[in-house]
4 protein chains.
Amino acid sequence: MRDGEPDRPLPDQAEWTGLPVQANWASPAKAARPTRPRSLRAQQSVLTATRELLNEGGLCAATIDAISTRSGVSKATIYKHWPSRIAIAAEAFGVEMGDAVPLPDTGDALEDLSEQVRQVSDFYHSRAGTIFAQLLAACVTDPEGARYFRELFLAGRREAGARLWRRAVERGEVDAGVDVETAIDLLFGPLIFRLISGHAPLSVSEADALSAAALNGLRAKDRATGL
Amino acid sequence: MRDGEPDRPLPDQAEWTGLPVQANWASPAKAARPTRPRSLRAQQSVLTATRELLNEGGLCAATIDAISTRSGVSKATIYKHWPSRIAIAAEAFGVEMGDAVPLPDTGDALEDLSEQVRQVSDFYHSRAGTIFAQLLAACVTDPEGARYFRELFLAGRREAGARLWRRAVERGEVDAGVDVETAIDLLFGPLIFRLISGHAPLSVSEADALSAAALNGLRAKDRATGL
Amino acid sequence: MRDGEPDRPLPDQAEWTGLPVQANWASPAKAARPTRPRSLRAQQSVLTATRELLNEGGLCAATIDAISTRSGVSKATIYKHWPSRIAIAAEAFGVEMGDAVPLPDTGDALEDLSEQVRQVSDFYHSRAGTIFAQLLAACVTDPEGARYFRELFLAGRREAGARLWRRAVERGEVDAGVDVETAIDLLFGPLIFRLISGHAPLSVSEADALSAAALNGLRAKDRATGL
Amino acid sequence: MRDGEPDRPLPDQAEWTGLPVQANWASPAKAARPTRPRSLRAQQSVLTATRELLNEGGLCAATIDAISTRSGVSKATIYKHWPSRIAIAAEAFGVEMGDAVPLPDTGDALEDLSEQVRQVSDFYHSRAGTIFAQLLAACVTDPEGARYFRELFLAGRREAGARLWRRAVERGEVDAGVDVETAIDLLFGPLIFRLISGHAPLSVSEADALSAAALNGLRAKDRATGL
DNA sequence: AAGTAACCGAGACGGTACGTCGGGTCTTGTG
DNA sequence: CACAAGACCCGACGTACCGTCTCGGTTACTT
C-alpha cells in the first residue's frame, strides 16, 4: 500500500476493490518514507460528529465548519481525508446504516423481493430516509461525494438486493435472463423517483403495486396466456 | 380570482389547472382593489435570463444575483414572484423544454413505450438532462421549488407518458389493471435512479433492457406458461 | 394662499417668517383653481402616525414605509408634502414637544437660566431626548430635514431661551453686550455636545457646573476683582 | 493580555490606554494558545481604503461594501475587526487627523484658548469638518462606533484642549475651580451645536464672540465689579 | 538523545451568495 | 386630477459556508 497523499481507499478509483476504510491503516506495512501517519482518531471523531449532526439536522446541518467544531478536527485535516462534506456524510451514513434493512427470507423468493421493496419504501419515510434522499440528491453536483456514497452505502444495499435476486434465480422463480442490475433498478428506481420528486406517495400499498407490476410486467396478460 | 400575495399561478395549489403564468391575469375577473399589476416584463426577462444562465453553466450558475443582474430585475422583485431560485429555474426549464421530446407513434403501442424510454434516456445525456438532474436533486431540499418543478415540467412529461399508456390500454396491449402512475414510474424510475446516482450507464441497450424488463416482468416465464 | 406645488410652508425658504404649520391650512381661503385641495386629513394622519412610531421605536422606526402603512397615506403623497422622512419626524416631534419645557420664573433671572439648563439636561435623558438627539444628528446628512427641525422645533426652544435672556438683560443681571444667540449656544451647546458624543455624563450637578461656568466665565476671578 | 475575541484594542474598554491597533500585538506576552494573528495588512488596507473613501465622498461613501471592494478585505473579515462601519470610519479619521491642529502657544494662555476655538471653528468648515460632523452624528445611533470615535479621535482633541487648559491654570489665568471637562465643553460645545444644527454661522467673528463669552461669562460685569 | 519532518488544532482570510430592508420613483385604477 | 396601493430598481446590509492559508506546538521516526 502506497502512502502519501491518496491514503484514503476511495480517492484512487482504479484500485478500489474490497471493503473500504481502515484495512490499510491497520497494516501500514512499510512506507517508502515512514513519517508520522495520519491520525486514526481524527478520522473517527469526524465520522462520529458527522453522524450526530446528520441525525440532528440532516445533511444541511453537516457543514464542514460544524463538523470541524464538533469533532475538534481542523478543517485542513478534514480536507486531507475527504474531498467534500458529501463524502464525509456518505461515509458516516454508510457506517451507521450499514445493515439497516435486514434481508427477508420467507422461503418464497418473489415474496422476499416484494417484502424488500416494502421495507425500503418504509425506510424512505424515516429520518434516515430523508438523509438518504439528501445524499442521493447531492450526488448530482458532487461526483466525488457520489463515489463515496455509491461505494460506502449504495453498494451494500445493492449487494443485499442482488443476493435476493440470485436466490430467486436459483429457485427458478424469476427470469434468469434479466440482468441483476436491471432487476434491482426496476424494483427500487420507482421508489427513488417518488422519494425525490414527491409526485406520488410512498405508502405500503403503492410499494406493493410497484413490486407487483415489476414482477408481472406491464404487457397485457390475456395475450401472453393466449399464446 | 383574489389578488394579493398568491398572484402567481402556483402558490395556490388548489386552483392550479392549465397553463401557467399569465392566464389568470388575463381574466382578472374582479379584484378587490385593482392596484398596479405585477409586471409581465419583469417576469419574462427573469425567465429568459434564467434560461440563458442554465444553458451556460447549469443550475449552479443560475444564482439569484446572476439572474437579477442579467435580467435587470431587482432581487426583491424576484422574491415577490418566486419562492426560490429553484422555482425560477424549474419554470424557466419547463418553458424551454415544453415540447422537447415528441410522442412516438409507430402503431405498436409497446414499441412506442420502449421508444419513449429510449428517448428519455438519450435526453438525460444531453445538456438539458444535466439540468434536469440538478433540478430534480434540488427538489429534495426545496419543497417549494419542487412544486414548481413538478407542475411546470414533470407534469407535462408525465402527461405525455400517460397518453402513450392510455393508447396502449385502448389497444389492449398492456395490462389495464396497472395504474398509470405505477406504469410511468416503473418505466422511467430506473432511468432516474441511474441518472442521479450514476451507478450504472444509461446507454441505449441499457434503456432497452430496462423497458423490456418492465414490460415483460421479472417473474420467470417458463413457469408462467408451464401452468 | 397660493396653490400649486409648493403648498407646504417650509419649501420656500425666503417666504418663511412666522409660526409654521397649519395656520395657512386652516384658512384655505380661495384657491385660484378650485381643484381638489391636498388632503388635510392625509397630512395629519401622517403626523399622527409618525408621532406614534417615534414614541414606539425612535427615529429609526419612523421609516417612510411604516409611516405610509400606518397612516394610510401613500408614499407618493407623502413625498409631495415633505422632502424626507426627517422632515416629517421633525414636524411631528415639533408638534408634540411644542411646549415640553415650561419657562421657569423664579424672580431671579440668573437662577432662571440655570434652572432652564437643568431642565433641558433632564429632558435629554427622557425618551423624547433620545429622539431629539436622533433628529439633531440626522440634520447633518439631511439639510432639508434640518430646516424643518430648526424651524418647527429648535426655533421654539431657542425663542424660549431668548425670552429668558431678554428678561435677564432687562433686569441687568447679565452682560447686555452678549448676543442672544451666543448666550443660548454657550448655555446649551455643551449639553448637546455631551448628549451626542456621550463623552461625559448629563447629571444635574454637571448641568449646574456648566451653567455656573457659563455665567461666571472661565477667566480667573481674583485677577478680575484685582483690577 | 488575553487573546480570543477582544483582540482589538477597543472592545475591552477597561484595558484601553495608549495608542491603538497593534500595540498589544507587539507585546503578546503569553497568549493561551497563540493561533494565527489577525493580519496587519488587512487592518491597514481597510483603514487606508476608508480614509480614501471618506475624502472622496464623505461618510456615506464609506459603505462596508465599498471598503471591502477597495481594500480587498472581505466583509466577513472586516466584521471581525470592527463592530460597524462607523467604527472603521472613526478609526480611519482618527489616524488621519491625529495631528491636524497644532497647539497654539502665544505666551498668553487665554489667547491660546481663543485661538484654539478659532482654529477648531475653521476646521469645521473644511472637508474634514464635514466628516467630523457626520461621524459625530452617527454616534447617536451607533454606540459601538461612538466608543471608537471618542477614543480614537475625540480623546486626542480633548487632551489637546486639556493641555492648554492646564497650562492656563498653572499660569493663573483661568479659574482653577472649573473642571477641565467643563471648560472644554463650554469652549467647544457651542461650535458643535452650530455645526450640527446649522442654526447660526461659524465665522471667525462668531468663534471669537463665543470664546470671549465663555471666558468672561454671561453675568453682568458692571455689577460684579461694582461690588 | 537529538534532529527533523510531517501532522495537527485553531482559526484568519478572500470569496460568493444569500435573503431582507429602506429609499425614492413609477404606474394603475378609483373617487 | 389627487389619491391609495403598491410594484419596481437600487444599493447596502449582515450572515453563512466554502476551501485555502498560516501559525506554533506536537508527534514519531531517523540518525
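On a predicted model such as this, the values are computed, not experimentally measured, just so you know. The sequence lines fix the lettering, A, B, ..., with proteins before strands; numbering per chain opens at 1. All values below were derived from every heavy atom in this structure, side-chain atoms included, with hydrogens, water molecules and symmetry-related copies excluded.
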Partners of [X] by side chain to side chain contact (heavy atoms under 4.5 Å, CB included), sequence neighbours excluded?
{"X": "C:Ala146", "answer": "C:Cys139, C:Arg150"}
{"X": "D:Ser68", "answer": "D:Lys75, D:Ile78"}
{"X": "B:Ala138", "answer": "B:Leu59, B:Ile86"}
{"X": "C:Thr69", "answer": "none"}

Take atom [atom1] of [X] and atom [atom2] of [N], then tell me their distance rounded to the nearest Å.
{"X": "B:Ile78", "N": "F:dC10", "atom1": "CD1", "atom2": "C1'", "answer": "13 Å"}
{"X": "C:Ile67", "N": "F:dA4", "atom1": "CD1", "atom2": "C1'", "answer": "16 Å"}
{"X": "B:Lys80", "N": "E:dC21", "atom1": "NZ", "atom2": "C1'", "answer": "11 Å"}
{"X": "B:Leu59", "N": "E:dC18", "atom1": "CG", "atom2": "C1'", "answer": "15 Å"}
{"X": "B:Gln43", "N": "F:dA7", "atom1": "CD", "atom2": "P", "answer": "13 Å"}
{"X": "C:Trp82", "N": "E:dG23", "atom1": "CH2", "atom2": "P", "answer": "15 Å"}
{"X": "C:His81", "N": "E:dG24", "atom1": "NE2", "atom2": "P", "answer": "16 Å"}
{"X": "D:Leu53", "N": "F:dG11", "atom1": "CG", "atom2": "C1'", "answer": "15 Å"}

My understanding is that only residues two or more places apart in sequence, or in another chain, count here; which of them pass salt bridge (Lys or Arg N to Asp or Glu O under 4.0 Å) with A:Arg70?
A:Glu52, A:Glu56

Taking 4.0 Å as the cut-off, does a side-chain nitrogen or oxygen of [X] come that near to OP1 or OP2 on [N]?
{"X": "B:Thr77", "N": "F:dA7", "answer": "no"}
{"X": "A:Ser68", "N": "E:dA10", "answer": "no"}
{"X": "D:Arg41", "N": "F:dT22", "answer": "no"}

Checking side-chain polar atoms at under 3.5 Å, does A:Thr77 have a donor or acceptor matched by the opposite partner on A:Ser74?
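Judged by distance alone, the side chains do pair up.
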
Starting at the 5' end of DNA chain F, which residue's closest nucleotide do you reach first, B:Ser74 or C:Gly72?
C:Gly72

Mark up nucleotides 12-19 of chain F, 5' to 3', with B wherever a protein heavy atom is under 4.0 angstrom from a base atom, S wherever such an atom reaches only the sugar-phosphate, and - elsewhere.
SBBB-SSB

B:Thr63 and B:Ile67: side-chain contact (heavy atoms from CB on, under 4.5 Å), yes or no, with the steps?
CA-CA 6 Å; B:Thr63 67; B:Ile67 294 170; 6.0 Å; no

